Every structure is written in C-alpha cells, then in structure tokens.
Amino acid sequence: MRGKLQWLSQHHHQPPLPLPSTSIRQLSALSPTSAHPRTPSTRNPHLSEAFLDMAMQGFSVNFQGYDSVLTECINRRSFRDGQLVHAHMIKTDYKPPVYLRTRLIVLYNKCDCLCDARMVFDEMPERNVVSWTAMISAYSQRERGSEALSLFVQMLRSGVVANEFTFATVLTMCAGASGFHLGRQVHSLIIKRKCEAHIFVGSSLLDMYAKAGRIQEARSIFETLPERDVVSCTAMIASYAQLGLDEEAIDMFRRLYSEGMCSNYVTYASVLTALSGLAALSYGRQVHGHVIRLELPFRVVLENSLMDMYSKCGKPLCSRRIFDSMPERSTVSWNAMLVCYSKHGMGEDVVELFRLMKEDDKVKPDSITLLAVLSGCSHGGMQNRGLDIFDEMVEGKYEIEPEMEHYGCVVDLLGRAGLAERAFEFIRRMPFEPTPAILGSLLGACRVHSNLNIGQLVGLRLIEVEPENAGNYVILSNLYASSGSWEDVRRLRELMMEKAVVKEPGRSWIELEQTLHTFHAGDPSSHPEKNELFAKVRELSARFREAGYVPDLSCVLHDVDDEQKEKILLGHSEKLALAFGLINTSEGASLRVMKNLRICVDCHSFAKFVSKIHGRNVSLRDKNRFHHIVDGVCSCGDYW
DNA sequence: GTAGGGTTAG
C-alpha cells in the first residue's frame, strides 16, 4: 500500500529532495547561469545613432557596418531603427548578401512584424538553409503553423537540405496531437539524415512524442541521447508531470539530481506541477524554500506554480500570501488565484478578486479567467452573481466569446440553484451539442435536489453517450434509491453489467511525516497495518451509526447482498485513508486526504462524521474540488 | 545568422 510513493519516505539514504537546511549551498553551485534565458544586450546603446548620423551625411556603409548596426537593432528589438537601416540599403542601391537579408528577417520577426519579414524573404534572389529556417521559425513562434509547414515543404522541394535548427523548429511546431502525424514523418527524415543525436533535436523530439501521449517513446529517446542538459532533462520531467505521471516525474528529478543535473526555473516549475498533483505539501514547501534562496529568474512563472501547489495541497491562504507578495502578476497569476478560490468553494473571494483584476490595467481577463469565476460562483454558492457574469459575457463586456466550458458552468450554476428545468432548457438551446461533462453536471444536480424526472432523462441519455463511465450509473442509482425506485436500481445494475463497465480504480492517499501513504479500494493487502486498519474502519462505522450515520448502499452497484455491499463500502479508499490518519496522528490534528476520483456520497457522509465525532478538521481533495469539513459541515454544502 | 523544456483550465 505504501507502494511506489515511497520516494517520499524518510528511510531513504539520501534526502528525497534537496532539503533547504542542508544542501542549499550545493544547489546554488549547481544553478546554471548558462541556462538562464537570453536577455537583450545593452552594450553600445548609441550605435544606431552613430550609424544614422553617418548615413545622413551621405556616407556609404559596408557589410560590417550593416552587420553591427543590425545586430544592435535585433538585440534592442528596435523596429524603427531597423527599418531605417533597411531603407538606407535600398536608397544607396546596396545589394545585401543572403546573410544580411536573413538578419533582416530575424529583426522583423523579433519586432513582431511578420509581414515585413516575409517580404524580405520573398525578395531574396537566393536562399540558404539559414534563411529558410529563420522564416519557418518566425511563423512557428507566432503560432502560424500552416504557413511554417508549407514553407518547410517548399524548402525540401527546392533541394535545400534541412539542418538541426530546421528539425528542432519543425518538431516543436508538431508538438500536440494534431501535429503528431507530420512529426513522425519528420522523425523518419531525421533518422535518414542521422541528425537524431543532436541534443536540441532530441529534446524537441521527445517532447513531441510526450505531447502526443507516447511517453514510452519519449523516454526511450531520452535514454539514448548521447548527452543531456538542463533542457532535455526538464523536458522529460515536464512530460511526465503534464501527463499526470507525477511519481515518475519526481523519480526522474531525483535520479537526474543525484547524477548532477542542472536545474533552472522551468525544472522547478515542472517539479512543482508534479508535487501539486500528489498534494505533497511538505515537499512542496521544501521546493518553495529552494526557489526563494536560488533567486531564479522569471519569478512570475515560478510563483504561479507555487501558488498552484499550495492551492492543490489544500492551503488557499498560503497561495494568497504568495499572490499578495508578487511584485508583478500575469493573467496566469490572477487565474491561478481565482481557480484556487473556486476549488476551495470560496465564492465571495472569487468575486472580490475578479473585481480587483478588472481594475488592474496591466492584465486582461481571458477565457480561463471567466471559467474560474463562473465555476467559483457555482462552487461557492453565488449562483445569481455567476449568472449575471455569464450574461455580461454574452453581451460582450469581456470581449471573450463563451465556449462550451462556459456554458457548462451555467448548467452547473442553474443546477446548484435547484433550477433543473431551466438548466435542461438551457442545454436544449445551447449552440453546442452537450458534452458528457455537461450532462453529468445536471445529473449531479438532479441527485442533490431529488429531481427524478429530469435526472432519469439526463442519466439515461448520458449512459447512452458514455456507457463506459461507471460514475454515471452510480449517481443515477443514488437518485433512484433516494426515491425508493429499487426496481430501477436493479435494472440499472443489469445494464451496467451488460455494458461491461470498467471503473477506474479508486485510490486515496494521505501525507504523514513526509511520506505519502496510498490506499486502493478494497485492497489493503500489502500494508503492514492492514488488520488494524480494517478493524478501525469497522469500529468507526459502528460508532457513527449510533450517531446517525446510515451507509448509502446505492453507492455500490455490484450484484451482491446488502451485507456484502456494506463491506465493499467500508473498503472505499478514502475511508481507509481517514482511518489511517486517525490512528497515526495526535488527537485534534487536521486530516488532509486526496482522492483520484469524485468522492462518493457515502464516503462524504463518513468524513463528516469523522470531523464531528472525533473533532478533526478534514480537508478532502477529490477530482473536482476541495471539501473542507468542520464539525460535520462541509464547505461544498453537500453539492459537488 | 537559424533551434529544444515551463506556470492557470480541461
């Protein structure tokens, strides 16, 4: 049961992550200056002026002169000066060689003037691989994939041989599901050209495979790289983290760290993503200590991931402390804080923070902002405010077109307000076909408000479009059970057996003394304290029954008798984790439990009794949100 | 001269 998460155990010979108290100095020594992103050069700030003076006086300029002045313009991203240099070439009838024309492409691209760059490119009497790659890269950086791709094809057809720069650029463009097919073809070409051993090509290649979900292929590319650097190592760690393979991400970080890998701000941002997924608070705090002391550049990015780590570890106040101390904030920073409040059901804080964001001229709300605000209003019991904000959105107040997810939030808002009929009508009038997630949200609302009519309609439709999702059957079964329709519960169970539903195995975990303890539903087999644990859950259940707890058997859809159903319920992973926490912590200590799926009604009720009878604050993170339970009352208002 | 990894949601 302790399983693979043992990397967090204190029994390891070496510290699992570099601890702030012991190894800061060592880490500082490892911190690479070379890996810091390039900053615009500030040397020779008057070169352009000197050039312009000379040009005004009618001097002609030679190759070296143009080269140095263009370099300066590129470094300073000075469009105006660059344009004057370009105009001077034309005026003096200077015919720039390929090299200088390529410099002009780079300059215009850096100044965000893609059209000018393309014009220079089109007017080139001859082109080499560098000028082609510069132009392809320009399109790729501005997310103009189709133009970049068509140029790449033209380049190959014209007989110019692609080099490592070209391949790295094109592969980066192919990262993402839609580019995978092309990426594979590029990979074959790379193998033919024997470019694969190049570290830039290798890291973009592994990233391309990982972003297509092919983590094994990504890993094997990584393992066969002839050398590694901070980018290729970080790409591998980030790939695991982005796919939710958090333990693998941390294992990889530990391995590479022990092998002397350099880390930079991107590495730590990726490590924090993995720690957020695991809700490994004590390790997240250690990383926090590090990044402060290392004084890494790009603080905004790092602080954003720190905020998110604290949020996902159940510490919204810590997130806010970071947010308040930030010298500058991006839209992502605001979004991260809004999402934090939303997941923690802090509706008023969401609304207030959104108000402050609108007052800040430096940032502009985007689609994610509105998603966070709408879902925050829903989870935080501010339904009317949420509906108003959606109306404002439709009116164009935020200049953001509502997308499917925003419509989904409205269904959630209406459902939570007990307006299932209106939500149903809203779905019918939406400009989109409802996704399973939207139908699921309405079904959940019908369960809470015991609306059998609409619930049945929506539930059966949902099972039709998403027959493999066991959660749908369970919620509809809850609904049938609560209205006493036992015959329907039986029929539903048969239907589920027929469709051979495979449920994602339930898993919960709890962090105690820097070790994550994981529990799988119905399987405490390998844990040293298994007997004690099962006995404890039984004992708790019996005690809670005296206080009014009634096991909700409709949460079990197996075709077994009630006694067996109760046994299955007692084996739910979050109950095992809660019992483990009660046994191993001192009286009155808070319990922080994480679950990979949505919490079931019965476990939610069980957790409320834990808090009430044992005087423990329980913080439970499920797939969708946090449940903060104090004295038997949950912050979700029993709606999730 | 041209190039690779990252933070919020789902």
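Bear in mind the structure is a predicted one, so any value in this text is a computation, not a measurement. So you know, we letter chains A, B, ... as the sequences are listed, proteins then strands, and number each from 1.
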Within the structure shown, what part of the strands sits under 4.0 Å from [X] by heavy-atom distance: base, sugar-phosphate, or nothing?
X      : result
A:T172 : sugar-phosphate
A:I199 : base
A:V98  : base
A:S232 : base
A:N163 : base

Looking only at side-chain N and O atoms, does [X] come under 4.0 Å of OP1 or OP2 in [N]?
X      : N      : answer
A:Q242 : B:dT7  : yes
A:K312 : B:dA9  : yes
A:Q141 : B:dA3  : yes
A:K343 : B:dG10 : yes
A:K211 : B:dG6  : yes

Does the [N] base have a donor-acceptor partner in the side chain of [X] within less than 3.5 Å?
X      : N     : result
A:D67  : B:dG1 : no
A:S204 : B:dG4 : no
A:N264 : B:dG5 : yes

Open item on the list: Surrounding NZ of A:K595 (heavy atoms of other residues, nucleotides or ligands, distance under 6.0 Å), is the total greater than 12?
Closed with: yes
Quick check for you: among [options], whose closest atom lies nearest to any side-chain atom of [X]?
X      : options             : answer
A:A238 : B:dG4, B:dG6, B:dA3 : B:dG6
A:V230 : B:dT2, B:dG5, B:dG4 : B:dG5
A:D229 : B:dG4, B:dA3, B:dT2 : B:dG4
A:V332 : B:dT7, B:dG1, B:dA3 : B:dT7
A:T102 : B:dA3, B:dG5, B:dG1 : B:dG1
A:T273 : B:dT7, B:dT2, B:dG1 : B:dT7
A:V231 : B:dG4, B:dA3, B:dG6 : B:dG4
A:T267 : B:dA9, B:dG5, B:dA3 : B:dG5
A:Y265 : B:dG6, B:dT7, B:dT2 : B:dG6
A:R103 : B:dT2, B:dG4, B:dG5 : B:dT2

TODO: State, without any angle test, whether A:E196 and A:H187 hold a side-chain donor-acceptor pair at a distance under 3.5 Å.
DONE: yes
Open item on the list: If we count only N and O atoms by modelled type, under 3.5 Å, do the side chains of A:R103 and A:Y66 hold a donor and an acceptor together?
Closed with: no
Just how far, in rounded Å, is [atom2] of [N] from [atom1] of [X]?
X      : N      : atom1 : atom2 : result
A:Y139 : B:dT2  : OH    : P     : 18 Å
A:L205 : B:dG4  : CG    : P     : 14 Å
A:L374 : B:dG10 : CG    : P     : 12 Å
A:D207 : B:dG4  : CG    : C1'   : 8 Å
A:L107 : B:dT2  : CG    : C1'   : 15 Å
A:I322 : B:dT7  : CD1   : P     : 17 Å
A:F253 : B:dG5  : CZ    : P     : 20 Å
A:D366 : B:dT8  : CG    : C1'   : 8 Å

Task: Non-hydrogen side-chain atoms of A:L70 and A:V85 separated by less than 4.5 Å - done: yes
Open item on the list: Students often mix this up, so state it plainly: with edges at 30° and 60°, are the rings of A:Y99 and A:F63 parallel, tilted or perpendicular?
Closed with: tilted
TODO: State which residues pass side chain to side chain contact (heavy atoms under 4.5 Å, CB included) with A:M326; sequence neighbours excluded, sorted by chain then number.
DONE: A:V300, A:E303, A:N304, A:M307, A:I322, A:R329, A:S333
- [ ] Report the residues that fulfil salt bridge (charged side-chain N to carboxylate O under 4.0 Å, His left out) with A:E223, sequence neighbours left out, ordered by chain and then residue number.
- [x] A:R219, A:R228, A:R255
